[in-house]
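In listed order, ligands and their atoms are each counted from 1.
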Amino acid sequence: MLTQSPKGTRDIFGREMPLWHSVEAKMRALCDNFGIEEIRTPVFEHTELFLRSVGDTTDIVQKEMYTFDDKASRSITLKPEGTAGVARAYIEHGLFNNAQPTKLYYIQPTFRYENTQAGRQRQFTQFGIEMFGSYSPALDAEVISVAAQLIDELGIKDIELRINSLGCPECRAKYNKALREFIGSNIDGLCRECRARYEKNPLRVLDCKEEGCKKIIAGAPSIIDCLGDECREHFEKLKEILDSMGIKYTVDPMIVRGLDYYTRTVFEFVTTSIGAQSTVCGGGRYDNLIEECGGPKTGAVGFGLGMERLMLTLEAQNGQYDEKPYRDIFVGSMGEEGFVKAQAVVFELRKAGIMAESDTVGRSVKAQMKYANKIGAAYSMVLGGDEIASGKAVLKNMDTGEAEEVMLEGIVDKMKYIIG
Ligand code: ATP
Ligand code: MG
């Protein structure tokens, strides 16, 4: 208990960290480039916000939320997704008064009480984008292009963009009727949950992960056939813009996404390299959400991308990340005087931006050199009474074994010169 993290959570550290850092840096640089600003919203929100936005027939609300009462009996929920919090902030701070669109991104922990397996955790990390203030399919295309460009820059090959349109509530009503008829005549083959979903929200049946249900669903009517003129036009224009941007996609009428707030465009980036949990990124348009939450009627589009699944995909493709350790210099020491001096020299070097290490454990000189090798030090020196008295020390190139005498006073400049 004390030595094991809670089920569905994990520590990210060590060899994994450089990959996280480089992927996050790419995401931030890309967002800068696209004019998307970062927003950091709280880790928890009023439960009501998710009931209202995510939808109370969804798996997230019915089974997956970390909900608790705080000490003043307010119902609080740890964020199960990113859009609701950002939508709340957009309204709270009157961001709709600014020139639109408003373009925001976040990289944040997300919490869902799920059955854990590879690619499915209880705390995971989402990179998300939300764009508000336009009904044009150009905004859908812009959001999709962020994910497409990221995937391209990361060099991920085996991933596919699938798009669909869920239409507006009117198209949806028409489709629900057709879908209910279809499900009604296949009800015996469906799982128990789907039989309940069929009454309340038949669309959810299309999102079921049970193999038996999936087989039946494959023959369901297509929502695209139920789209009205305007929704159809929106979808056609989106495809035209994606084509003109050179972004490849396939239309998949079975994509419905696990959240109720989507209208018109929905999309997923799906990979073939990480098994069952293969949706790395999912998103869509949500034109009614801001109004539902008490703001003005506002067109909006966004996506959420699972960082852990992205890392699994990268690893599956590129193999384990195995970066060699590296330090510019190890300043070893002999005797008390040298030990104290080495700490000061290393601090001076670090202030000058040089990656320096000293012995802070009290190792023998021999053990210090072994350690210097382990941490990948490019250079080393050892400070003792003689070096301090003469003001000179021997700087050794750990690769070639070459050694030269240097003035201790000039060590910062010398290292700056060497490292360039
Ligand atoms: P799934 O169908 O796999 O359950 P979802 O439809 O619930 O996914 P979204 O709510 O759209 O997923 O979340 C966006 C992304 O967040 C997913 O595409 C996935 O990469 C990631 N994600 C969702 N749930 C988890 C989880 N429990 N653990 C790790 N990543 C997750
Ligand atoms: Mg899910």
Side-chain angles (χ1 to χ4, degrees), residues 5-10 12 20 23 27 50 53-55 57-66 77-87 105-130 143-144 146-147 150-151 154 156 159-164 166 193 197 201 203-211 213-214 217 252 254-262 265-286 289 301-316:
S5 81
K7 186 171 176 198
T9 68
R10 60 189 294 275
I12 303 164
W20 279 79
V23 170
M27 286 166 172
F50 301 113
S53 59
V54 175
T57 62
T58 60
D59 277 0
I60 293 181
V61 166
Q62 293 214 320
K63 299 189 286 196
E64 298 173 0
M65 293 210 301
Y66 277 91
T77 296
L78 302 182
K79 272 193 276 206
E81 58 91 60
T83 304
V86 177
Y105 83 92
Y106 49 83
I107 301 174
Q108 70 186 15
T110 309
F111 306 85
R112 294 185 193 175
Y113 194 80
E114 300 216 60
N115 290 324
T116 58
Q117 48 193 295
R120 193 173 290 288
Q121 300 170 204
R122 292 190 173 169
Q123 176 173 339
F124 59 102
T125 317
Q126 270 196 0
F127 165 55
I129 303 268
E130 316 292 345
V143 166
I144 290 172
V146 178
L150 176 73
I151 285 160
L154 291 172
I156 300 175
I159 201 160
E160 187 182 86
L161 167 62
R162 297 186 191 158
I163 63 172
N164 188 24
L166 299 179
E193 274 180 79
R197 287 173 179 139
N201 192 349
L203 215 55
R204 288 273 79 82
V205 175
L206 298 191
D207 206 24
C208 185
K209 297 186 174 69
E210 296 282 330
E211 283 308 319
C213 297
K214 274 190 188 168
I217 289 157
D252 181 349
M254 291 303 138
I255 292 181
V256 294
R257 314 289 312 127
L259 302 115
D260 272 352
Y261 49 62
Y262 288 123
T265 311
V266 285
F267 62 89
E268 288 182 349
F269 284 85
V270 182
T271 167
T272 50
S273 61
I274 57 169
Q277 314 317 324
S278 56
T279 306
V280 172
C281 173
R285 179 168 272 284
Y286 49 93
L289 181 64
V301 200
F303 72 64
L305 180 150
M307 295 284 284
E308 285 81 3
R309 283 189 205 175
L310 184 69
M311 300 301 169
L312 287 174
T313 310
L314 280 169
E315 268 176 19

Discussion item. Using a plain distance cutoff, I'd like to know if Gly306 has any nitrogen or oxygen under 3.5 Å from a nitrogen or oxygen of ligand 1.
Written reply: yes
Please report which non-hydrogen protein atom sits nearest to [atom], along with the residue it belongs to and the distance in Å to one decimal place.
| atom | answer |
| --- | --- |
| atom 28 (N) of ligand 1 | Gln121 N, 2.9 Å |
| atom 8 (O) of ligand 1 | Arg309 NH1, 4.3 Å |
| atom 22 (N) of ligand 1 | Phe124 CE1, 3.3 Å |
| atom 7 (O) of ligand 1 | Arg112 NH1, 2.8 Å |

Worksheet item: Just wondering, more than 12 heavy atoms not from Glu160 lying within 6.0 Å of its CD?
Response: yes
Worksheet item: Looking at Gly304, which atoms of ligand 1 are within less than 4.0 Å of one of its heavy atoms?
Response: 14 (C), 15 (C)
[X] to [Y] - nearest heavy-atom pair and separation:
| X | Y | value |
| --- | --- | --- |
| Ser53 | Leu289 | CB-CD1, 3.2 Å |
| Val23 | Met307 | CG1-CE, 4.3 Å |
| Leu166 | Tyr262 | CD1-CB, 3.9 Å |

If you measure from each non-hydrogen atom of [X] to ligand 1, which part falls under 4.0 Å: side chain, backbone, both or neither?
| X | answer |
| --- | --- |
| Val280 | backbone |
| Gln126 | side chain |
| Arg120 | both |
| Arg122 | neither |
| Glu268 | neither |

Item to complete: Begin from the C-alpha positions of Gln121 and Thr116 and carry the test side-chain contact (heavy atoms from CB on, under 4.5 Å) through to its verdict.
Response: CA-CA 5 Å; Gln121 300 170 204; Thr116 58; 5.5 Å; no
Item to complete: Would you tell me which option among Lys209, Arg257, Glu114 has the nearest heavy-atom contact to atom 11 (O) of ligand 1?
Response: Arg257
Worksheet item: Nearest non-hydrogen atom to atom 18 (O) of ligand 1 belongs to which of Thr279, Leu312, Thr58?
Response: Thr279
Fill in: Flag side-chain contact, heavy atom, 4.5 Å: Asp252 against Phe267
no
Discussion item. Do Tyr261 and Thr83 pair up side chain to side chain, a donor and an acceptor below 3.5 Å, judged on atom types alone?
Written reply: yes
Item to complete: Applying side-chain contact (heavy atoms from CB on, under 4.5 Å), run through Phe303 and Glu268 and close with a yes or a no.
Response: CA-CA 9 Å; Phe303 72 64; Glu268 288 182 349; over 6 Å; no
Item to complete: Identify whether the distance between the nearest side-chain nitrogen and carboxylate oxygen of Arg204 and Asp260 falls below 4.0 Å.
Response: yes
